[in-house]
Amino acid sequence: MISFKKTQQTIILSAVCIASLFLSKIDAQTTTTIVPNPDSRVITTGVPFLLIATDARAAAMGDIGVATSVDAYAQQWNPSKYAFSESKSGFGISYTPYLSKLVNDIFLGNVTYFNRLNERSAFAASVKYFSLGEIELREDEFSEPIIVKPNELTLDASYALRLSDQFSMAVALRYIRSDLKIQSFDPDAKAAGSFGVDISGYYQSEEEAYSDFNGRWRGGFAIQNLGPKIKYDDGGRENFLPTNLRLGGGFDFIFDQYNRVNVTAEVTRLLVPTPPIYGDERSYTDINDNGVYDPETDELGQVVKSDVIIEGQDPDVSFISGVFQSFGDAPGGFSEELDEFTWALGAEYLYQDSFAFRLGYFNENETKGARKFFSLGAGFKYTAINIDLSYLFSASKVQSPLENTLRFSLSFNIGDGEYSEY
């Protein structure tokens, strides 16, 4: 029998395993249907780390980026922004601790590079790596430990083309690899893989004069992670990628050559089928063997899910069908479809393009995950070097894995000012 080293990570993993074994020992000789609780239907997907903000600037403004001004990390949010970069090229490195209150070796890292080819086009590439830390497995207290390191990663490449002076579009291709299975438990375990496609657009107006300030409008959209489901073995469950739609808009208040305030709003929605309401069944032991549940003598077992859908639609569809189905399959109707949108607001103050102070707020419906948080951060620029920091405060009863976590990003602009856009 394999025992785990008593770290916080392995305690969590052990609890999940024990719970799974306990639920698998349900005696289902005879069942009776009960009414389920439909109040909460959280949409789950495979490789959810793809939705975590990797850069501190976006994180400081409430995890938004589809319509913010261009920076080195546009690859995750909207690569079509690269066609508006004033720098010839650049790269960024970011580090995000995860579950830092529990462990110190789970993190999300990102490296991004972009190059503006000419006045109308640009390309970019990035690597995102999510480490789940080290887990020690032992046969007994005297044996040598076996070290396993579950991890996930993506490799991205994008091309952006400017279709007019104010509008550009981009396509990104993404390879996804998820290596979470532990070979000590399953010798045939292997990493799961898939690929995704992003399609995005970005609009940026000319600077316009208003009564007390100049201004500039921004807008953007992105359909992300559109690709085949991911699964870890032939007999396992297929999981949708976190395909999502982002829509955003913003405005730059340009007070003078030194002071500027950028405000941005964004809504996001998963393009994945909503879990339907199944008929729940509670097993019981028919002690008096009369074929009917007798509450005074028979013993109730655990609640299990039946495969009969009471409300909603069957989520076992292809990823393309899932995108279209996601707009009208919520059991609660149109009001529940609206609940599946998250929204965020962000603001950024810049002084001489050398110092930035940022604030943000993110909101998700209580029945769809209940993520709510405030964020703040700062940015510093010296010549071609940018340093960004962010910090998150949870505003929900559901604690965020990133709560009270300081996140870092470092980027370098090469050929800064080679292109003039403003």
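One-based numbering along the sequence shown.
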Check: Phe167 ring centroid to Tyr203 ring centroid under 6.0 Å: no
Taking all atoms of both residues into account, what is the closest heavy-atom pair of Tyr98 and Leu402, and its distance? CD1-CD2, 3.6 Å
Test of ring centre spacing under 6.0 Å for Tyr175 and Phe195: no
Below 6.0 angstrom between ring centroids: does that apply to Tyr159 and Phe123? no
Main chain of Leu161, side chain of Arg120: is a donor-acceptor contact present, judged purely on distance under 3.5 Å? no
Would you tell me whether Arg177 and Thr154 have side-chain atoms, one donor and one acceptor, within less than 3.5 Å of each other? no
If only side-chain N and O atoms count, and only distance matters, is there a donor-acceptor pair under 3.5 Å linking Arg246 with Gln224? yes
Can you find a side-chain donor-acceptor pair between Asp252 and Trp217 that sits under 3.5 Å? no
Distance-only side-chain donor-acceptor flag, Thr274 / Glu340, under 3.5 Å: yes
For the residue pair Lys229 and Phe319, would you count it as a cation-pi contact if the rule is NZ or CZ under 6.0 angstrom from the ring centre and within 45 degrees of the ring axis? no
Polar contact flag, side-chain donor to acceptor under 3.5 angstrom, Thr112-Gln75: no
Tell me if the centroids of the rings in Phe373 and Phe362 come within less than 6.0 Å of each other. yes
Do Arg174 and Asn225 get their side chains close enough for a donor-acceptor pair, meaning under 3.5 Å? yes
Is there a side-chain contact between Tyr129 and Asn151 in this structure, where contact means two heavy atoms from C-beta onward sitting under 4.5 Å apart? yes
Judged by modelled atom types alone, do Asn363 and Lys372 share a side-chain donor-acceptor pair under 3.5 Å? yes
Donor + acceptor pair across side chains of Asp198, Ser200 (<3.5 Å): no
Kindly give the heavy-atom pair with the smallest separation between Ser94 and Ser409, and that separation in Å. CB-OG, 3.5 Å
Is a side-chain donor-acceptor pair under 3.5 Å present for Asp329 with Gln313? no
Assess whether a salt bridge exists between Arg260 and Asp353, defined as any Lys/Arg side-chain N lying under 4.0 Å from an Asp/Glu carboxylate O. yes
Rounded at 0.5 Å granularity, tell me how far CD in Glu348 sits from CG in Leu359. 10.5 Å
For Gln166 and Ser205, does a side-chain donor sit closer than 3.5 Å to a side-chain acceptor? no
Let me see the working for Asp388 and Arg358 under salt bridge (Lys or Arg N to Asp or Glu O under 4.0 Å), right down to the final yes or no. CA-CA 10 Å; Asp388 296 300; Arg358 305 177 180 112; 2.9 Å; yes
Do Arg269 and Thr243 meet the criterion of a side-chain donor-acceptor pair at a distance under 3.5 Å? no
Asn110 side-chain N/O to Val127 backbone N/O, donor-acceptor pair under 3.5 Å: yes
Of the non-hydrogen atoms in Ser400 and Ser394, which two are nearest, and what is the gap between them? N-OG, 4.1 Å
Answer with yes or no whether the side chains of Ser194 and Lys231 bring together a donor and an acceptor at under 3.5 Å. no
Is the distance between the ring centroids of Phe393 and Phe374 under 6.0 Å? no
Do Tyr113 and Phe91 have ring centroids that are under 6.0 Å from one another? no
